[in-house]
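Heads up: the structure comes next, in structure tokens.
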Amino acid sequence: MEKFDQSYIEMATIWARNSYCKRRQVGALLVKDRMIISDGYNGTPSGFENRCEDENGVTKPYVLHAEANAITKVAKSGNNSLGATLYVTAAPCLECSKLIIQAGIRRVVYKDEYRLTDGVDLLRRAGVEVEKVD
């Protein structure tokens, strides 16, 4: 574990509170050269209503995950995520793991397990360093 891992994961946990999702709030920080270059939390796309679940409590299919929001946010900026570390409060799903690999992120640090491990398995297969912290 690197020196600042615990601090960044705590910051991602605080950032997750910005999510309007009721079922689960997830936060992500993208860090490069010890600078936060992007952030994200799970929620609906820009311009949509801030309601993640339908009237039955089911997550809407167009809700973006925290990792996807952080990666697309850095894509809109003048920065890039090549060689960065992603701190996320929950283990990435398979779809987000594909984005992480393609974005050139070299390391993922997460706090909570996800019910499926296929995302973390794919990251490891691609040579991305993956670490779980408490």
Side-chain angles (χ1 to χ4, degrees):
M1 185 152 82
E2 292 183 10
K3 183 180 177 184
F4 294 99
D5 284 351
Q6 197 61 47
S7 297
Y8 285 129
I9 206 75
E10 286 173 27
M11 291 169 74
T13 301
I14 291 167
W15 201 243
R17 295 182 201 153
N18 290 316
S19 172
Y20 290 92
C21 297
K22 289 184 173 75
R23 285 184 57 223
R24 184 177 215 179
Q25 294 181 317
V26 180
L29 290 180
L30 205 44
V31 177
K32 188 173 177 179
D33 301 324
R34 271 200 243 132
M35 288 186 301
I36 297 169
I37 59 168
S38 190
D39 54 62
Y41 49 86
N42 55 327
T44 55
S46 299
F48 281 65
E49 74 293 343
N50 287 322
R51 199 167 292 125
C52 298
E53 296 85 11
D54 64 20
E55 54 281 339
N56 300 316
V58 177
T59 301
K60 294 176 181 174
Y62 52 85
V63 167
L64 289 153
H65 288 187
E67 305 94 316
N69 270 325
I71 290 167
T72 54
K73 193 173 181 178
V74 80
K76 285 197 286 190
S77 77
N79 215 327
N80 70 72
S81 53
L82 193 62
T85 297
L86 179 71
Y87 293 88
V88 63
T89 57
C93 70
L94 185 63
E95 291 303 310
C96 287
S97 292
K98 290 190 257 183
L99 293 175
I100 290 164
I101 293 163
Q102 290 300 95
I105 295 167
R106 71 164 181 85
R107 187 167 174 261
V108 174
V109 179
Y110 71 94
K111 192 171 81 170
D112 300 327
E113 294 292 348
Y114 183 61
R115 58 186 169 81
L116 303 171
T117 63
D118 52 356
V120 169
D121 295 342
L122 183 69
L123 290 172
R124 288 195 171 114
R125 182 174 161 202
V128 176
E129 188 185 330
V130 181
E131 198 168 339
K132 183 187 186 308
V133 294
D134 295 318

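- Tyr110 has its side chain within reach of Val120: a pair of non-hydrogen atoms, C-beta onward, lies under 4.5 Å apart.
- Residues Thr85 and Arg106 are in side-chain contact: their nearest non-hydrogen atoms beyond the backbone lie under 4.5 Å apart.
- For the atom pair CG of Asn69 and CG of Leu30, the computed distance is 12.0 Å after rounding to the nearest 0.5 Å.
- Taking all atoms of both residues into account, the shortest heavy-atom contact from Ile37 to Asn80 is CD1-O, 3.4 Å.
- Within the 4.5 Å cutoff, the side chain of Lys98 has heavy atoms near those of the Leu122 side chain.
- One distance of note links OG1 of Thr72 with NZ of Lys76; it measures 6.5 Å at 0.5 Å rounding.
- If you take CG on Leu123 and CG on Leu94, they are separated by 9.0 Å, rounding to the nearest 0.5 Å.
- Taking every heavy atom of both residues into account, Ala103 and Ser81 meet most closely at O-OG, 2.8 Å.
- Not one N or O on the side chain of Asn79 forms a donor-acceptor pair closer than 3.5 Å with the backbone of Val74.
- One hydrophobic cluster, built from ILVMFWY side chains closer than 4.5 Å, cannot hold both Trp15 and Ile71; they sit in different ones.
- Counting all heavy atoms, side chain and backbone alike, Gly27 lies closest to Ala16 at N-CB, 3.3 Å.
- Rounding to the nearest 0.5 Å gives a distance of 8.0 Å between CG of Leu99 and SG of Cys93.
- Side-chain contact between Phe4 and Arg34 is present, with heavy atoms from C-beta onward closer than 4.5 Å.
- Ala84 and Ile105 get closest at one heavy-atom pair: O-CG2, 3.3 Å.
- Looking at heavy atoms from C-beta onward, Val88 lies out of side-chain contact with His65 at the 4.5 angstrom threshold.
- A chain of hydrophobic side-chain contacts below 4.5 Å, direct or via other Ile, Leu, Val, Met, Phe, Trp or Tyr residues, connects Val133 to Tyr8.
- The backbone N or O of Met35 lies less than 3.5 Å from no partner atom in the side chain of Asp33, so there is not a single donor-acceptor pair.
- A distance of 9.0 Å separates CD in Gln25 from OG1 in Thr89, rounded to the nearest 0.5 Å.
- At a cut-off of 3.5 Å, with distance as the only test, a side-chain donor of Tyr87 or Asp5 sits close to an acceptor on the other residue.
- Tested against Val108 for a side chain to side chain contact (heavy atoms under 4.5 Å, CB included), the candidates Cys96, Ser97, Pro92 yield a single pass: Pro92.
- Applying the 6.0 Å contact sphere to OH of Tyr20 captures no more than 12 heavy atoms from other residues, nucleotides or ligands.
- The nearest pair of heavy atoms linking Val63 to Cys52 is CG2-O, 3.5 Å.
- Side-chain heavy atoms closer than 4.5 Å link hydrophobic residues (I, L, V, M, F, W, Y) into clusters, and following such links, possibly through other members, connects Val26 to Val130.
- Counting heavy atoms from C-beta outward, Asp112 and Arg24 have side chains that approach closer than 4.5 Å.
- Heavy atoms of other residues, nucleotides or ligands lying less than 6.0 angstrom from CG of Asp134 number 12 at most.
- Summarising the local packing, CD of Gln102 is surrounded by 12 or fewer heavy atoms from other residues, nucleotides or ligands at distances under 6.0 Å.
- To the nearest 0.5 Å, atoms CZ (Arg107) and CD1 (Ile100) are separated by 13.0 Å.
- Met11 is not connected to Tyr41 by any chain of hydrophobic side-chain contacts under 4.5 Å among Ile, Leu, Val, Met, Phe, Trp and Tyr, and they are in different clusters.
- Other residues, nucleotides and ligands contribute only 12 or fewer heavy atoms inside 6.0 Å of the NZ atom of Lys22.
- The hydrophobic cluster containing Ile9 does not contain Tyr114, counting ILVMFWY residues as joined when their side-chain heavy atoms lie under 4.5 angstrom apart, directly or transitively.
- With hydrogens and angles ignored, the 3.5 Å screen pairs no side-chain donor or acceptor of Lys132 with any backbone N or O of Ala91.
- Looking only at atom types and distance, the side chain of Lys60 has no donor-acceptor partner in the side chain of Thr44 under 3.5 Å away.
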